[in-house]
Amino acid sequence: MPQDDQDDHDDLVLTERVGNVLVATMNRPEARNALNPELLHDLSAVLKEADADPAVRAIVLTGAGPVFCAGMDLKAFARGARFDGLSWFYRDGVATPVIAALNGSAVAGGFELALACDLVVAADTASLGIAEVKRGLFAAGGATTLADRIPLAVALEMGLTGELVTAARAREIGLVNRVVPADTVRTEALALAERIAENGPLGVTMTKKLMRERRWAEPAEIESVFRSADATEGARAFAERRAPVWTGE
């Protein structure tokens with residue numbers, strides 16, 4: 001798989017471009033990628049920068065080491081740190097499709113980070129869940145809306161007990177798209193991202209927006225995509241039996 005370039009973002013978030021896909025890796029393996037204010041700040045910046053780049057058509061988010069994210073850094077919390085640096089992503093997300101590649105467990109805020117992504121590829125060894133109540137807290141990053149995605153009784157059991165579920169169980173209840181061996185998570189997530197990136201960016205963006213908002217398209221939204229240069233290119237490429245060349249216009 002060709003790699004265009006590689007760099008790091010203040011060491012806390014490593015970034016790598018693979019074609020039209022941006023891979024962002026949380027890089028606090030010694031702390032199980034726990035979310036402290038600095039990591040939240042850097043991850044926020046990486047996501048915003050990638051979303052603003054028209055050449056980035058999909059994002060893969062993963063973690064360094066054997067854990068995706070252990071949630072909020074409780075040591076930093078005990079010192080009075082603020083943790084609102086990524087609240088915008090939990091709440092509104094980005095226009096670009098984001099795939100969570102769970103190289104390991106995703107707990108509490110880490111689970112909510114995965115929930116904020118659009119698709120999830122998980123290692124078969126991963127556990128997922130909302131453990132906040134075990135620390136006298138609650139899931140303030142959006143997991144209290146979990147019943148919008150899975151049956152209420154299942155959501156309440158996860159939220160009120162704080163117990164984790166296996167990756168297989170998460171897939172069974174619709175929280176995970178793929179469960180694969182741990183050493184293939186990144187490869188599988190990249191393959192999924194590349195399949196998305198091959199499609200027309202305007203159509204992909206609008207599909208994500210409407211599905212997330214659970215609504216029909218407005219006439220102006222239909223016009224903006226169906227009358228675009230990319231729509232014409234897609235039709236021509238089909239007729240000429242060739243791969244389309246998208247411009248995002």
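- In summary, Arg195 and Glu198 do not engage in a salt bridge, as defined by a charged side-chain N under 4.0 Å from a carboxylate O.
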Evaluation steps, side-chain contact (heavy atoms from CB on, under 4.5 Å), between Val121 and Leu192: CA-CA 9 Å; Val121 176; Leu192 192 54; 4.1 Å; yes
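- One N or O on the side chain of Asp51 and one on the backbone of Thr96 form a donor-acceptor pair closer than 3.5 Å.
- The salt bridge (charged side-chain N to carboxylate O under 4.0 Å, His left out) search around Lys134 returns Glu163, not counting sequence neighbours.
- Judged by distance alone, with hydrogens and angles left aside, the side-chain atoms of Asp11 form no donor-acceptor pair with the main-chain N or O of Asn27 at under 3.5 Å.
- Glu233 places no side-chain N or O within donor-acceptor distance of the main-chain N or O of Pro244, the cut-off being under 3.5 Å.
- Contact record, Phe138 with Thr144: CD1-CG2, 4.1 Å, taken as the closest heavy-atom pair.
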Distance-only criterion, 3.5 Å: show the donor-acceptor pairs between side-chain atoms of residues 174-184 and protein atoms not counting sequence neighbours.
from   : atom 1 : to     : atom 2 : distance (Å)
Asn177 : OD1    : Val120 : N      : 2.8
Thr184 : OG1    : Pro181 : O      : 2.9

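- By the salt bridge (charged side-chain N to carboxylate O under 4.0 Å, His left out) test, Asp230 is found to be paired with no residue, residues two or more places apart in sequence or in another chain being considered.
- A salt bridge between Glu16 and Arg186 is present, with a side-chain N of the basic residue lying under 4.0 Å from a carboxylate O of the acidic one.
- Without hydrogens or angle criteria, Asn36 side chain to Leu39 main chain gives a donor-acceptor distance under 3.5 Å.
- The shortest non-hydrogen separation linking Phe111 to Gly129 is CB-O, 3.3 Å.
- A donor-acceptor distance shorter than 3.5 angstrom exists from the side chain of Arg17 to the backbone of Gly19, with no hydrogens or angles considered.
- Taking a cutoff of 4.0 Å between a charged side-chain nitrogen and a carboxylate oxygen, Arg227 and Glu223 qualify as a salt bridge.
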